[in-house]
Number of protein chains: 2
Amino acid sequence: MADSNLPSDADLRAEYSETERQIFDAALRVFARKGRAGARMQEIADAADINKAMLHYYFRNKETLYGEVFAFTMRRFMASFGASLKEAPTFAETLRVFIDGYVEFVRTNQDAMRLMVNENLAGGTHLGEHLKRLKASGDAPPQIFVEKVEAAVASGEIRAVDPDHTLVSVISTCIFFFVMRPTVQTIHAEAASDWGEFVEARKEHLFDLLYHGLVPDADA
Amino acid sequence: MADSNLPSDADLRAEYSETERQIFDAALRVFARKGRAGARMQEIADAADINKAMLHYYFRNKETLYGEVFAFTMRRFMASFGASLKEAPTFAETLRVFIDGYVEFVRTNQDAMRLMVNENLAGGTHLGEHLKRLKASGDAPPQIFVEKVEAAVASGEIRAVDPDHTLVSVISTCIFFFVMRPTVQTIHAEAASDWGEFVEARKEHLFDLLYHGLVPDADA
DNA sequence: AATTGGTTTAACCGTTTGGTTGAACCTGCC
DNA sequence: GGCAGGTTCAACCAAACGGTTAAACCAATT
């Protein structure tokens with residue numbers, strides 16, 4: 001789970017002071033829950049337990065605050081579980097690690113996920129530069145996964161699927177049920193009564209469905 | 001594609017006047033693009049080409065306007081492509097119709113989709129009653145699909161998968177790439193240059209991946 | 001022609017919100 | 001002690017926003 005050769009959560013924020021970190025966490029929470037427009041500077045200040053003027057002292061205005069919070073969230077996404085993915089020996093293992101990695105990341109970073117989805121829903125103007133850096137780095141989970149799919153297709157370990165579409169499909173199934181959690185919980189009884197249990201069951205289901213969908217038939 | 005025994009888009013709004021329909025469309029657009037908090041009454045009025053006071057004349061305030069727009073959007077979701085799904089003879093056909101139905105619905109109702117996702121992201125307090133009615137009606141695509149999955153499992157046409165999880169997985173893959181469109185288009189070259197083509201390719205990929213994932217191995 | 005009831009408009013109002021100001025307050029340093 | 005730089009705060013401000021008002025308009029009805 002821990003990637004010792006990648007920056008940890010704390011490292012990523014090393015450049016920030018204690019007060020700035022407080023503001024950061026508060027801002028992420030409020031932006032994620034209320035949306036970019038719905039977030040109130042006063043509420044962020046309250047949540048960070050500081051005066052409202054301090055917000056504008058540390059971050060000039062709402063836009064730059066949002067920009068920095070978003071940038072940090074993006075960096076956090078990139079830094080997650082890349083290494084363990086590379087080391088996976090078989091494609092089955094790759095798929096397991098990828099599913100587990102994404103589901104666990106979203107489970108423990110729901111606010112980050114909400115921020116990301118909100119940004120996309122609003123047009124995603126802040127995404128550009130970050131995604132390009134992600135693409136350039138070559139170390140992010142999505143890229144590694146695509147490479148692994150390509151290799152597995154070449155070796156015949158899985159069928160001749162489109163790697164990019166496969167990536168989108170797998171990520172979708174790992175994240176979307178968190179996005180639609182209220183709907184899922186209204187329709188699905190078990191999800192409502194024990195979400196943790198539901199998430200675990202879902203990881204099993206996903207591996208089963210997707211692995212079976214990717215692997216060739218036993219014989220013919 | 002057309003379900004003659006279900007209310008059409010026009011029917012659903014028959015109770016509304018011309019002006020109200022204008023307001024409706026404008027409100028949906030603005031709420032979907034700017035979010036519930038980010039939407040401005042003035043902007044909705046401008047988009048509907050009426051005076052701002054008219055908004056408050058027809059819909060008492062922002063909350064009731066949002067509530068009505070959301071309720072209408074919900075009804076539209078329920079009324080889509082249920083019948084053709086029931087008539088599908090094989091499970092393969094069921095899956096094809098379901099994928100095609102959902103993808104096409106979201107493609108042609110992106111604002112409705114955005115509204116729905118936004119509502120879920122914000123906690124989904126408006127969902128309750130509507131989803132219960134959907135559950136009670138028994139005619140909505142998700143329920144029909146679950147029944148078809150159960151039947152196909154029983155007949156051995158597909159493997160012993162969990163029908164509810166399968167439903168969530170299929171819907172996720174049909175919708176999430178629309179939600180994350182800006183990200184997908186930044187990463188995927190073809191999606192950026194020709195989105196329509198990408199959507200078509202995606203439908204093919206999804207059927208292939210999911211059908212293969214659900215169906216038993218050819219032999220053993 | 002006068003009345004009625006729904007519709008439309010410009011001007012207005014009170015509150016909320018993002019952002020500013022200027023003074024007070026530390027803390028380390030000479 | 002006294003200065004200097006960064007930090008904290010209550011009070012303040014202008015703009016934006018949701019919502020209201022009162023008068024005007026217009027098509028039926030009598």
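Fair warning: this is a prediction, and the values are worked out from it, not measured in the lab. So that the names make sense, note that chain A is the first sequence line, chain B the second, and so on, each numbered from 1. These numbers come from the heavy atoms of this one structure, side chains and all, not from hydrogens, waters or symmetry mates.
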remark   = Comparing A/Glu63 with B/Met54, nearest DNA chain C nucleotide closer to 5' gives the residue B/Met54
message = Both A/Ala53 and A/Met41 contact DNA chain C. Taking the nearest nucleotide for each, which residue is further toward the 5' end?
response = A/Met41
query = Is A/Arg107 paired with A/Glu104 through a side-chain N to carboxylate O contact shorter than 4.0 Å?
reply = yes
Test: B/Asp46 and B/Lys52 ion pair at under 4.0 Å = no
Distance in angstrom units between [X] [atom1] and [N] [atom2], rounded:
X	N	atom1	atom2	answer
A/His56	D/dT8	NE2	P	16 Å
A/Asn51	C/dT17	CG	P	16 Å
A/Ile50	D/dT7	CD1	C1'	11 Å
A/Gln42	C/dT17	CD	P	9 Å

message = Need to verify one output field. Residue with the more 5' nearest nucleotide on DNA chain D, B/Arg40 or B/Arg60?
response =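 Taking each residue's closest nucleotide, the earlier one in sequence belongs to B/Arg40.
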ask   = Base, sugar-phosphate, or nothing for A/Ala39, non-hydrogen atoms under 4.0 angstrom?
value = sugar-phosphate
ask   = Counting heavy atoms not belonging to A/Lys62, are there more than 12 under 6.0 Å from its NZ?
value = yes
ask   = Under the 3.5 angstrom rule, does the side chain of A/Asp194 hit a backbone N or O of A/Glu197 as a donor-acceptor pair?
value = yes
message = Whether B/Tyr57 contacts D/dT20 is assessed here as follows: a side-chain N or O lying under 4.0 Å from the phosphate OP1 or OP2. Is that the case?
response = no
inquiry  = Check this for me: does the side-chain of B/Lys52 come within 3.5 Å of the base of D/dG19 through a donor and an acceptor?
reply    = yes
